[in-house]
> 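Quick one: the structure is below, and I'll ask about it shortly.
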Amino acid sequence: MSENDGQQAGSSGCGAAHLRIGHGYDLHRLDVLAPEGEGRPFVLGGVRIEHFRGPVGHSDADVLMHAVTDALLGAIGGPDIGQLFKDTDPAHEGQDSAVFLKEAVKRVTESGYSVVNLDATVVCELPKIRPHRDAICANIARLIGIGADRVNVKGKTHERVDAVGEGRAIESHCVVLLSR
Ligand code: MG
């Protein structure tokens, strides 16, 4: 492999690199489901999970979808999810976050890149992620337009400490690799 392998001629932005990596992170507060609390129905990676608490947010508050979206946008040096979709915009009230992900995928494609693979972690005490893992991976892969074997999602607890560990919040991390 030569020194220049992995790079192509380019003058600006992400045009110079053959490979791009992106990282996304998000956190949402968890609360008892509305109307008793502020929690929305628990949706993770677009998959509905029965749970007595749900994420609080302006959109559907899908923490994993938001982390994946920001990882994709970050990989192409784009604006982040909060810049593209203001959390004060009434149009996004209760919005299905698949809309955000699809916009990020569109921008990745327009930049000349495709997704090699994606690895994400969801951190929460409850509900358990593992029983829903395959459905979540399949749904994210479908939205991105890649095979489910290129999407990995795993669940972790926060060892019962801090807000996440006390069940008051849920967070997600995601890294994605793009190639052109
Ligand atoms: Mg969010």
Side-chain angles (χ1 to χ4, degrees), residues 20-108 115 118-129 132-133 135-144 151-158 161-178:
R20 301 280 298 194
I21 191 168
H23 169 262
Y25 168 80
D26 196 26
L27 177 147
H28 280 264
R29 194 159 59 81
L30 289 175
D31 197 9
V32 175
L33 297 178
E36 287 75 20
E38 297 179 78
R40 292 185 179 276
F42 198 106
V43 176
L44 192 67
V47 173
R48 178 82 167 87
I49 298 173
E50 291 303 322
H51 189 53
F52 75 101
R53 286 177 182 264
V56 178
H58 184 64
S59 65
D60 66 359
D62 188 328
V63 70
L64 174 57
M65 202 79 88
H66 295 178
V68 172
T69 298
D70 253 351
L72 289 168
L73 292 170
I76 57 170
D80 66 35
I81 189 171
Q83 292 174 286
L84 285 181
F85 305 103
K86 304 285 184 202
D87 65 6
T88 52
D89 187 342
H92 301 138
E93 166 73 32
Q95 178 72 264
D96 178 352
S97 292
V99 169
F100 308 152
L101 179 54
K102 285 178 185 170
E103 175 63 24
V105 171
K106 176 169 161 279
R107 286 171 181 250
V108 166
V115 176
L118 178 162
D119 186 27
T121 301
V122 177
V123 191
C124 63
E125 293 304 301
L126 289 172
K128 291 297 177 193
I129 304 305
H132 310 284
R133 179 191 172 281
I136 291 169
C137 288
N139 192 50
I140 291 173
R142 177 184 65 81
L143 291 167
I144 296 176
V151 175
N152 190 59
V153 176
K154 53 205 175 296
K156 300 278 288 183
T157 72
H158 209 266
V161 298
D162 299 335
V164 173
E166 292 166 4
R168 296 187 286 114
I170 181 171
E171 61 183 2
S172 181
H173 304 257
C174 178
V175 287
V176 62
L177 185 67
L178 309 182

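When a residue number appears, it is its place in the shown sequence, counting from 1. Atoms within each ligand, like the ligands themselves, are counted from 1 in listed order.
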> Can you give the donor-acceptor pairs under 3.5 Å from side chains of residues 36-45 to other protein atoms, not counting sequence neighbours?
residue	atom	partner	partner atom	Å
Glu38	OE2	Arg29	NH2	3.0
Arg40	NE	Gly57	O	2.8
Arg40	NE	Ser59	O	2.7
Arg40	NH2	Gly57	O	3.3
Arg40	NH2	His58	O	3.1
Arg40	NH2	Glu93	OE2	2.8

> Is a donor on one side and an acceptor on the other found under 3.5 Å between the side chain of Asp162 and the backbone of Gly165?
no
> Using 0.5 Å steps for rounding, measure from the CD1 atom of Ile136 to the CD1 atom of Ile129.
5.5 Å
> Between atom OG1 of Thr69 and atom CZ of Phe100, what is the distance when rounded to the nearest 0.5 Å?
8.0 Å
> Sort by chain and number the protein N/O/S atoms that are closer than 2.8 Å to the Mg ion (ligand 1), and list them.
Asp26 OD2, His28 NE2, His66 ND1
> Quick one: list whatever passes ring-ring contact (aromatic ring centres under 6.0 Å, His included) with His132, sequence neighbours left out.
none
> For Phe52, which residues count as a ring-ring contact (aromatic ring centres under 6.0 Å, His included) partner, sequence neighbours excluded?
none
